[in-house]
Amino acid sequence: MYAWFKILHIVAFTSWMAGLFYLPRLFVYHCGASYGSDMDKTFRVMEYKLYYYIMWPAMAGALLSGVCMLFIQYINGEFAGFQLWAWVKWVCVALLVWYHLRLNTYRLRFVTNTNIHSHRFYRLLNEAPTVIFIVIVISVVIKFT
């Protein structure tokens with residue numbers, strides 16, 4: 001059963017990361033659209049659907065399957081929760097959840113025409129999940145203590 005949860009976790013996490021990479025990129029392009037224009041409306045629909053139809057289910061799937069794997073590890077006496085690498089991963093996952101929720105505040109600013117950031121801001125914002133992703137992968141593969 002553990003292998004199936006791990007497969008779900010990898011697929012869901014990959015999908016979630018794709019959304020976390022793509023939504024700020026949409027914001028970069030959305031900055032160039034005039035409020036109320038066809039382009040603005042298209043971006044708003046794309047951002048909404050990406051956030052609610054792809055990113056939320058993917059995040060939920062990644063978190064739920066991760067908790068299920070932790071539970072199975074705990075039952076089998078293999079729980080690694082007190083090792084440094086696991087704490088680093090959990091902190092990074094918490095940061096990604098915060099980042100995910102923060103992206104919605106930026107999305108809503110485009111909806112209400114209150115965006116105050118430039119395309120440069122969103123380009124830089126787009127780099128944050130990359131750094132966190134790298135730290136997660138290193139911590140899981142190396143399992144440093």
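Just so you know, these numbers use all the heavy atoms, side chains as well, and skip hydrogens, waters and symmetry mates. Just so we're clear, the structure is a prediction, and the values are computed from it rather than from any experiment.
- Rounded to the nearest 0.5 Å, atoms CE (M17) and CG (L96) are 5.5 Å apart.
- Residues I142 and W85 are not in side-chain contact: their nearest non-hydrogen atoms beyond the backbone lie 4.5 Å or more apart.
- Y29 is linked by a side chain to side chain donor-acceptor pair (under 3.5 Å) to nothing, counting only residues two or more places apart in sequence or in another chain.
- With sequence neighbours left out, the side chain to side chain donor-acceptor pair (under 3.5 Å) criterion links R25 to no other residue.
- To the nearest 0.5 angstrom, L70 atom CG is 12.0 Å from E78 atom CD.
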Can you list the steps and then say if N126 with L23 is a side chain to side chain contact (heavy atoms under 4.5 Å, CB included)?
-> CA-CA 8 Å; N126 198 24; L23 189 57; over 6 Å; no
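- Heavy-atom neighbours of Y2 OH from other residues, nucleotides or ligands within 6.0 Å: above the threshold of 12.
- Between W90 and W87, the ring planes lie perpendicular to each other; the angle is over 60°, past the 30° to 60° tilted range.
- Around the OH atom of Y35, the shell of radius 6.0 Å holds more than 12 heavy atoms that belong to other residues, nucleotides or ligands.
- Once rounded to the nearest 0.5 Å, the distance linking CG of L20 with CE of M59 reads 9.0 Å.
- Applying the 6.0 Å contact sphere to OH of Y51 captures more than 12 heavy atoms from other residues, nucleotides or ligands.
- Here salt bridge (charged side-chain N to carboxylate O under 4.0 Å, His left out) pairs that include residues 101-114, with residues two or more places apart or in two chains, number zero.
- Looking at L26 and Y22, their side chains come closer than 4.5 Å, going by heavy atoms from C-beta outward.
- With hydrophobic clusters built from ILVMFWY side chains whose heavy atoms lie under 4.5 angstrom apart, V140 does not share a cluster with M69.
- The side chain to side chain donor-acceptor pair (under 3.5 Å) test applied to S37 returns no partner, not counting sequence neighbours.
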For E47 and F27, run side chain to side chain contact (heavy atoms under 4.5 Å, CB included): C-alpha distance rounded to whole Å, both residues' side-chain angles, the deciding distance at 0.1 Å, then the answer.
-> CA-CA 8 Å; E47 292 158 1; F27 295 159; 3.5 Å; yes
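- Connection of I134 to V137 is established within a shared hydrophobic cluster, with ILVMFWY side chains joined at heavy-atom distances below 4.5 Å, either directly or through further cluster members.
- The SG atom of C92 lies 5.0 Å from the CD1 atom of I136; values are rounded to the nearest 0.5 Å.
- By the side chain to side chain donor-acceptor pair (under 3.5 Å) test, E127 is found to be paired with no residue, residues two or more places apart in sequence or in another chain being considered.
- At least one side-chain heavy atom of P24 sits less than 4.5 Å from a side-chain heavy atom of Y99.
- Under the 4.5 Å side-chain heavy-atom criterion for grouping Ile, Leu, Val, Met, Phe, Trp and Tyr, M39 is not connected to V45 through any hydrophobic cluster.
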Full working for side chain to side chain donor-acceptor pair (under 3.5 Å) between Y48 and N104 = CA-CA 9 Å; Y48 178 87; N104 195 46; over 6 Å; no
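- Under the 4.5 Å side-chain heavy-atom criterion for grouping Ile, Leu, Val, Met, Phe, Trp and Tyr, F43 is connected to F21 within one hydrophobic cluster.
- At a threshold of 4.5 Å between non-hydrogen side-chain atoms, the residues F5 and H9 do not count as touching.
- The line from CZ of R123 to SG of C31 is 9.0 Å long, rounded to the nearest 0.5 Å.
- Closest non-hydrogen pair, A62 versus A12, comes out as N-CB, 3.3 Å.
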Determine, stepwise, if the pair F110 / Y106 fulfils ring pair (Phe, Tyr, Trp, His ring centres under 6.0 Å).
-> CA-CA 7 Å; F110 283 106; Y106 296 127; 8.7 Å; no
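- Contact record, K89 with S139: CB-OG, 3.8 Å, taken as the closest heavy-atom pair.
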Would L103 and M55 satisfy side chain to side chain contact (heavy atoms under 4.5 Å, CB included), going step by step from the backbone distance to the final call?
-> CA-CA 11 Å; L103 287 178; M55 291 172 63; 4.1 Å; yes
Stepwise side chain to side chain contact (heavy atoms under 4.5 Å, CB included) test for F71 and F79 = CA-CA 8 Å; F71 182 72; F79 184 64; over 6 Å; no
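- The salt bridge (charged side-chain N to carboxylate O under 4.0 Å, His left out) check on R44 picks up D40, with sequence neighbours excluded.
- A single hydrophobic cluster is seen to contain both W16 and V135, as judged by linkage of ILVMFWY side chains at heavy-atom distances under 4.5 Å, directly or through other members.
- Counting non-hydrogen atoms of neighbouring residues, nucleotides and ligands closer than 6.0 angstrom, the OH atom of Y53 reaches no more than 12 such neighbours.
- L63 CG to F13 CZ: the interatomic distance, rounded to the nearest 0.5 Å, is 10.0 Å.
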